[in-house]
Protein chains: 2
Amino acid sequence: MKESAIRPSLAIPTYPLGVTIYDIAEQAHVSIATVSRVFNDHPRVSDDTRARVMDVAEQLGYQPHVSAQSLARRNSHLVSAIIPVMTNDFYMGLMRGMQDALAQSGYDLLVYAARRPEEVSPQLARATQKGRSEGLLLASTPLTKGQVKQLKRRKQSVVLVDAFHPDFDSITVDNVKGGYMAARHLIDQGHERIAYITAAPEPPPAKQRREGYEKALAEANLDGDPTLVVSSDKRALGFVEEAGYEAMCTLLKRTPRPTAVFVASDVQALGAMRAVREAGLAIPGDIAVVGFDDIQVSAYVGLSTLRQPVYEMGKLAIEKFLMRVQHPEHPVSHTVFSPQLIVRVSSGGEPTREGSLGPNALQSDS
Amino acid sequence: MKESAIRPSLAIPTYPLGVTIYDIAEQAHVSIATVSRVFNDHPRVSDDTRARVMDVAEQLGYQPHVSAQSLARRNSHLVSAIIPVMTNDFYMGLMRGMQDALAQSGYDLLVYAARRPEEVSPQLARATQKGRSEGLLLASTPLTKGQVKQLKRRKQSVVLVDAFHPDFDSITVDNVKGGYMAARHLIDQGHERIAYITAAPEPPPAKQRREGYEKALAEANLDGDPTLVVSSDKRALGFVEEAGYEAMCTLLKRTPRPTAVFVASDVQALGAMRAVREAGLAIPGDIAVVGFDDIQVSAYVGLSTLRQPVYEMGKLAIEKFLMRVQHPEHPVSHTVFSPQLIVRVSSGGEPTREGSLGPNALQSDS
DNA sequence: ATACAGCTTGTAAGCGCTTACATCGTGAAA
DNA sequence: TTTCACGATGTAAGCGCTTACAAGCTGTAT
């Protein structure tokens with residue numbers, strides 16, 4: 001019956017459309033159910049039959065059709081990651097962690113890299129198509145109420161990375177603590193006028209880092225000058241080099257000039273350092289700088305910064321996802337990692353030992 | 001019939017298992033074939049019916065089940081990318097290009113990131129599972145004869161990036177030319193003892209870069225000293241910082257000492273520069289350095305290098321794939337990009353204008 | 001000999017969709 | 001009025017697999 005009956009039964013038959021369980025069933029003189037059972041490691045199959053089926057399958061070069069399996073099993077064995085921008089070390093580290101954790105899981109990874117915030121929504125729509133994947137890993141993507149509702153309705157297993165929502169598993173870094181550590185470190189170096197460079201509009205992590213910064217300043221009675229918190233004039237510039245440059249130019253005009261600056265991201269910090277240099281000032285002599293992220297460049301330019309355990313975050317994201325798939329009703333969990341202060345020359349402190357060569361050994365295969 | 005007959009037909013029915021075309025068909029008083037036609041933009045549907053079906057679909061929040069579509073259409077609308085290591089800017093750029101080109105195509109991207117060469121094979125197996133994806137993008141992955149055969153048998157649309165095989169579409173950078181340009185540039189600076197640092201085992205790109213280097217030296221009658229071509233002692237270390245460091249340490253013991261060195265990758269070049277500095281020598285005064293890749297760090301440490309148009313390569317890879325899917329019998333095409341020499345302080349030449357701030361504006365969203 | 005447990009296997013009904021083919025109107029042509 | 005083309009829709013057979021249920025078989029307890 002079916003296709004297998006139509007196909008020529010030569011000594012070495014050709015299967016232009018691919019070998020199916022029907023072909024195997026025919027040649028091994030069993031039913032398709034038995035073939036299926038063999039491939040699903042069903043216990044109630046005799047060793048004899050199992051061996052025969054395997055033999056035939058091997059000979060014909062059988063491969064199960066994953067779409068058919070997905071449909072019948074109601075499980076795609078795919079997970080979608082929505083990762084904005086994909087430009088820097090943060091997401092690279094995340095990806096590496098995810099890939100490593102995924103290796104043994106039987107799941108494959110669909111990557112949706114949103115280049116701009118407005119791309120997130122259509123990509124979310126694609127990723128949550130029915131049958132597309134079992135779950136979502138959302139990196140640095142704050143969710144709207146509507147999106148939250150939709151995700152719940154579709155019963156997706158979602159894990160948030162670098163973002164928070166009480167109803168979903170999440171993995172974050174303690175940004176408030178990081179901001180506090182940065183400012184505290186600068187205070188410890190004797191600075192009293194410490195600025196903060198943020199992004200506009202201010203994403204949640206930047207806001208939290210600012211809160212930590214403000215807390216440290218308040219504790220040391222150094223707060224009170226709101227003009228020391230700046231961002232680029234150009235709106236929506238985000239965490240880019242140019243934004244840091246512009247913000248620093250603004251800061252350099254303040255009187256008295258700040259003697260230290262904490263920047264919301266390393267990328268901006270690099271721009272800020274350029275502005276300082278171009279103004280003929282010294283780092284850390286005239287202005288001390290601390291960034292956030294510990295990108296690869298930072299180790300080479302001696303930028304003090306806060307390192308995030310990105311690899312671990314990516315790995316844990318997959319683990320949480322797999323756990324969620326197994327136990328949909330398991331209580332939601334939130335993991336908060338502590339950032340690590342890496343002191344280099346830009347802040348004038350005693351250099352951290354392990355900060356010398358960057359977070360991970362640099363690699364390349366091109 | 002089928003499930004729709006079983007489901008409760010309340011005013012606002014709930015569909016715990018998801019809305020199917022059967023539900024829509026029932027409520028819109030048409031057959032499932034018509035519903036399907038509406039969603040596939042089949043011309044032979046009256047405007048009236050189309051509107052009614054769309055209305056009902058909207059109300060019920062219908063979403064097609066992609067696995068079912070894949071199965072029925074024999075098309076997954078997925079493409080797999082096998083990308084080794086995923087650690088550096090090369091692959092980031094590739095991914096960005098791919099994602100941009102993919103945006104409007106209706107295809108989604110499965111990413112298989114091989115961390116080590118031995119992981120390629122199992123990932124290839126997964127990616128080529130029947131029904132999994134329509135094609136493969138293979139980055140920096142030389143294929144074995146067996147793999148080539150298998151890929152052809154499975155009739156996958158494959159595009160090679162940074163790798164070559166006559167039977168598949170490919171996109172590469174002219175590594176020989178790049179090596180030649182690097183060496184030629186150093187020769188032009190007056191250097192006569194120019195070394196080459198490669199990786200062991202030597203991947204095809206490194207080998208090609210060496211060939212270009214050797215050609216330039218031969219042309220200038222500067223060849224003849226094979227001890228100037230070195231790699232790390234540790235085998236299988238690849239394009240990593242440490243490998244460059246070790247190789248440079250070896251080179252510094254040669255007498256007479258080379259005055260310039262071309263390194264197969266920027267990552268290794270950074271290690272090499274560290275070795276030079278630790279030996280108390282100056283760059284480029286005592287030793288000039290040229291790398292390959294133009295990673296982000298390079299702009300900041302002033303490393304002269306050869307830039308590859310990674311973004312364009314990624315974009316073109318998708319375009320070639322889409323073309324191949326459309327026209328399976330279209331003749332195979334090979335695109336070779338020219339690398340661009342970026343002169344910075346490490347080679348002592350006249351700095352290239354656009355090399356000042358790195359290949360792409362640095363970005364971050366964390 | 002009979003009944004029944006337990007293992008192995010087969011039958012058939014899905015999973016949700018696409019699509020070739022058949023059917024039914026309808027208006028235009030004859 | 002009859003014929004026919006053609007547009008709109010329905011019917012049903014897949015796509016390749018999983019799995020509930022039924023059935024057949026063996027051996028053992030009765």
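Values below: all heavy atoms of this structure, side chains included; hydrogens, waters and symmetry mates excluded.
Rounded to whole angstrom, the span from the NE2 atom of A:H65 across to the C1' atom of D:dG16 amounts to 7 Å. Between B:E26 atom CD and D:dG10 atom P there is a gap of 13 Å when expressed in whole angstrom units. Regarding B:L71, its CG atom lies at a distance of 12 Å from the P atom of C:dG16, rounded to whole Å. The separation between B:I24 atom CD1 and D:dT9 atom P is 16 Å, rounded to whole Å. The distance from atom NE2 of A:H42 to atom P of C:dC7 is 12 Å, rounded to the nearest whole Å.
Screening residues 44-65 of chain A for side-chain hydrogen bond (donor to acceptor under 3.5 Å, both in side chains), with sequence neighbours left out, gives A:S46-A:T49. The salt bridge (Lys or Arg N to Asp or Glu O under 4.0 Å) analysis of residues 313-326 of chain A, with sequence neighbours excluded, yields the pairs A:D169-A:R324.
Between A:S76 and A:E134, the side chains place a donor N or O and an acceptor N or O closer than 3.5 Å (distance only, hydrogens not considered).
Within residues 46-55 of chain B, the residues having any heavy atom closer than 4.0 Å to DNA chain D are, in order of number, B:S46, B:T49.
Residues that satisfy the side-chain contact (heavy atoms from CB on, under 4.5 Å) test with A:I318, not counting sequence neighbours, are A:M98, A:A101, A:L102, A:L137, A:L322. The ring-ring contact (aromatic ring centres under 6.0 Å, His included) test applied to B:H42 returns no partner, not counting sequence neighbours. Residues that satisfy the side-chain hydrogen bond (donor to acceptor under 3.5 Å, both in side chains) test with B:S170, not counting sequence neighbours, are B:H334. With sequence neighbours left out, the salt bridge (charged side-chain N to carboxylate O under 4.0 Å, His left out) criterion links A:K149 to no other residue. In this structure B:S31 satisfies the side-chain contact (heavy atoms from CB on, under 4.5 Å) test together with B:A33, B:T34, sequence neighbours excluded. For A:R116, the salt bridge (charged side-chain N to carboxylate O under 4.0 Å, His left out) partners at least two apart in sequence or on another chain are A:E118, A:E119. Take A:D108 and apply the salt bridge (charged side-chain N to carboxylate O under 4.0 Å, His left out) test, not counting sequence neighbours, and it matches B:R126, B:R132.
Checking the phosphate oxygens (OP1, OP2) of C:dG16, no side-chain nitrogen or oxygen of B:T20 falls inside 4.0 Å. Checking the phosphate oxygens (OP1, OP2) of D:dG7, a side-chain nitrogen or oxygen of B:R44 falls inside 4.0 Å.
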Might you list the N or O atoms of the protein lying below 3.5 Å from N or O atoms in nucleotides 18-21 of chain C, with each pair's distance?
residue: C:dT18; atom: OP1; partner: B:N40; partner atom: OD1; Å: 3.3
residue: C:dT18; atom: OP1; partner: B:N40; partner atom: ND2; Å: 3.1
residue: C:dT18; atom: OP1; partner: B:Q69; partner atom: NE2; Å: 3.4
residue: C:dT18; atom: OP1; partner: B:R73; partner atom: NH2; Å: 3.0
residue: C:dT18; atom: OP2; partner: B:S36; partner atom: OG; Å: 2.4
residue: C:dT18; atom: OP2; partner: B:N40; partner atom: ND2; Å: 3.3
residue: C:dA20; atom: N6; partner: B:R37; partner atom: NH2; Å: 3.3

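Between the side chain of B:N40 and the backbone N or O of B:S36 there is at least one donor-acceptor pair closer than 3.5 Å.
In terms of position on DNA chain C, the residue among B:Q63 and A:P43 whose nearest nucleotide sits closer to the 5' end is A:P43.
In the helix from C:dA1-D:dT30 to C:dA30-D:dT1, the terminal helix axes, each the rotation mapping four pairs' C1' atoms onto the next four within five end pairs, subtend 70°, rounded to 10°.
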